Every structure is written in C-alpha cells, then in structure tokens.
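See below for the structure under consideration.
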2 protein chains.
Amino acid sequence: MKLLANGKLTGGFDGDCPATREILNRVGDKWSVLVVVLLGDASRRFNELRRSIDGISQRMLTTTLRGLERDGLVKRTVYPTNPPQVDYALTKLGRTLLTPVSVLAGWAQGHRAEVQRARESFDTAKSGAHGGKADA
Amino acid sequence: MKLLANGKLTGGFDGDCPATREILNRVGDKWSVLVVVLLGDASRRFNELRRSIDGISQRMLTTTLRGLERDGLVKRTVYPTNPPQVDYALTKLGRTLLTPVSVLAGWAQGHRAEVQRARESFDTAKSGAHGGKADA
DNA sequence: CTGCATCCGATGCGATACTG
DNA sequence: CAGTATCGCATCGGATGCAG
C-alpha cells in the first residue's frame with residue numbers, strides 16, 4: 001500500500017471508491033460480522049441466530065441478514081414446510097470474508113489492552129487539563 | 001478461528017467482548033480508516049488532512065482524529081507557532097493497524113465486482129418478485 | 001416460525017458561527 | 001490555522017402489531 005504526495009493512493013487501497021467504502025462499512029457493522037462468524041460454523045435458522053446473538057432485535061437481524069444476502073455473502077433457503085423454516089448459510093464468497101475478518105479481529109484482541117490503556121490515559125489527561133481539577 | 005456448536009467461539013475471535021466490538025466499529029468507520037491510511041504515509045496537519053479527504057466535514061475530522069488519538073492510534077503534536085500548527089501522526093500502535101486494514105481493503109477491492117453483481121441480481125429478483133412486474 | 005410495516009425516541013452528522 | 005459549540009435534519013434502531 002503506497003500513498004502519493006497529493007493524497008492519492010496506489011496499490012491495494014482506494015478510500016475514494018464508494019464500493020470499497022461500502023464494504024468496509026459492512027464490516028464495521030457489529031451485527032454483520034457476528035452473523036458471518038456464526039454462520040462460518042454452520043448454517044442457522046432465523047430464531048436460532050436470534051438466540052445465539054442475544055441483544056439483537058428482530059428488526060436488526062432481519063436487516064443485517066438481508067444486507068448480507070444482497071451482497072451475496074449469505075444464502076437464504078426457504079423450506080416450504082409447516083411451520084415455515086428458513087435457513088441461512090454463508091456462500092462461497094461469504095466464506096472468503098472469514099479470513100480478513102479474523103485478521104482484524106486478531107488485531108483487535110491482541111491490542112485491546114493497549115487501546116484500553118491509551119484511552120484511560122487520554123481521558124485522565126483531559127479531565128485534568130481543562131478543568132484544572134484532577135479528581136472531579 | 002473456530003466456532004463451537006453452542007455458538008461460542010474459541011481462538012482469535014470473541015464477538016461478545018465489548019472492547020473488541022468497539023475496535024471493530026472504529027475500523028468500520030470510513031473516516032477513521034481513511035485517516036489512518038493517509039497518516040500511514042506521512043504525518044499531516046489538520047487542514048492538510050481535510051483537503052486530502054475532501055468530503056469530510058471539519059466536525060467529523062475533529063471527531064475522528066480525537067477518537068483515534070484517544071485510542072492511542074494517532075499522536076497529536078502542537079507547535080506553539082503563529083499561526084498555530086498541529087501535526088497528526090500514526091503512533092507505533094497505529095502503524096500496526098495498517099496491515100489488518102490493508103488485508104480487509106484488499107478483500108473489499110478484490111470482491112467488489114462480485115458484490116456488485118450479487119447486489120444487482122438481488123435487487124432485480126426483488127423488484128420482479130413482489131410486484132409481479134419486472135421492469136418497474 | 002419467519003418477516004414486514006409503522007411509530008417513535010436516540011444518535012449522527014453537516015452547516016454555521018465563534019474563539020484562541 | 002485549529003478547534004469548539006449549537007442547531008437542525010436525517011438516519012438508526014428498538015418496540016409493537018400484523019401477515020403468510
């Protein structure tokens with residue numbers, strides 16, 4: 001990844017590209033990532049996912065799933081049984097996402113403590129600086 | 001990355017961890033990623049960044065920068081000159097983020113076309129399915 | 001069981017104006 | 001130049017109710 005003096009990028013990353021930005025956004029969406037990881041293990045049914053995640057509302061699960069499906073990351077299969085049963089599974093494309101995500105997740109886990117410390121130190125410095133009082 | 005039958009994860013990823021989720025969120029933030037990449041090349045001044053990004057508002061640049069600074073990813077240096085000059089640079093920790101981000105960005109770029117196609121096909125199927133009319 | 005539509009509060013973000 | 005505070009709009013997201 002290389003960056004030119006004028007702010008333009010060469011090589012593997014172009015932040016100006018709307019499509020790339022959009023995909024990055026999807027990864028930033030906590031639910032999407034969670035669902036992808038969950039589905040990385042095995043296909044799941046709707047309420048099965050809902051119970052697995054716990055904290056997600058039905059609306060958000062639906063929204064997330066549809067977004068993932070639209071992007072070709074997840075395959076939705078309806079079994080016309082009674083009661084209806086819908087199965088969600090990662091597509092081939094969806095599975096390729098697991099690696100980049102795990103790299104990122106690995107970074108997050110590995111540097112979690114550092115970030116935490118940086119945050120505390122930052123907050124401490126701030127509260128001590130502007131008010132003049134350190135133990136407000 | 002491994003996933004157990006009960007939905008719990010082993011190894012490198014734990015979606016339940018708030019800290020991890022928070023960091024993931026930061027990467028999902030388009031501006032943060034962009035700034036990190038930009039700063040990966042060289043340190044920049046405030047308005048220099050602003051011009052480089054073009055589309056970001058001052059408010060968001062400030063917010064983004066502060067968030068990055070708080071997380072220990074970016075170092076803010078003030079030169080008490082006249083007019084004031086403030087320099088932003090990646091910290092050592094910040095530089096370690098470049099690799100995971102580029103992996104992800106690489107994925108996004110590499111699969112951009114596939115996602116695009118999936119999206120179009122999804123949208124087409126939808127508009128043709130519920131309304132009964134295919135060329136609405 | 002699965003999923004969509006609606007209402008409504010919370011938050012995000014841009015635009016603007018003002019300070020050092 | 002760098003940064004903060006405020007306002008107003010747009011979107012997000014949860015809760016609820018209805019339908020296949």
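The chains referred to below are lettered A, B, ... by the order of the sequence lines, with proteins before strands, and numbering in each begins at 1. None of the values given here were measured: they were computed from a predicted structure.
- The side chain to side chain contact (heavy atoms under 4.5 Å, CB included) with B/D29 is formed by just one residue from the set B/V35, B/T64, B/L34, B/T63; it is B/T64.
- As rounded to whole Å, 14 Å separates atom P of C/dC1 from atom CG of A/L61.
- The separation between B/E48 atom CD and D/dG3 atom P is 13 Å, rounded to whole Å.
- At the heavy-atom level, B/Y88 lies under 4.0 Å from the strands shown only through sugar-phosphate atoms.
- For B/R45 and D/dA2, the shortest distance from a side-chain N or O to OP1 or OP2 is below 4.0 Å.
- No side-chain heavy atom of A/V33 sits less than 4.5 Å from a side-chain heavy atom of A/L104.
- Within the structure, every side-chain polar atom (N or O) of B/N82 is placed at least 4.0 Å from both OP1 and OP2 of D/dC1.
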- Trace of the salt bridge (Lys or Arg N to Asp or Glu O under 4.0 Å) decision for A/D71 with B/R119: CA-CA 5 Å; A/D71 284 2; B/R119 240 176 244 189; 2.8 Å; yes

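- In this structure, A/D87 atom CG and C/dC1 atom P are separated by 15 Å, rounded to whole Å.
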Polar atoms only, N or O, under 3.5 Å: list the protein pairs with nucleotides 12-20 of chain C and their distances.
from   : atom 1 : to    : atom 2 : distance (Å)
C/dG14 : OP2    : B/S57 : OG     : 2.7

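- In this model, the phosphate group of C/dG3 is approached by a side-chain N or O of A/R76 to a distance below 4.0 Å at OP1 or OP2.
- Residues A/N47 and A/R45 fail the side-chain proximity criterion, which asks for heavy atoms closer than 4.5 Å.
- One can place CZ of B/F46 at 6 Å from P of D/dG3, the figure rounded to the nearest angstrom.
- Distance check, rounded to the nearest 0.5 Å: CD of B/Q116 to OG of B/S121 gives 11.5 Å.
- Within 4.0 Å (heavy atoms only), A/R66 reaches sugar-phosphate atoms of the nucleic acid but no base atom.
- Taken from CZ in A/R44 to CG in A/L38, the straight-line distance is 4.5 Å, to the nearest 0.5 Å.
- Within 4.0 Å (heavy atoms only), B/T62 reaches at least one base atom of the nucleic acid.
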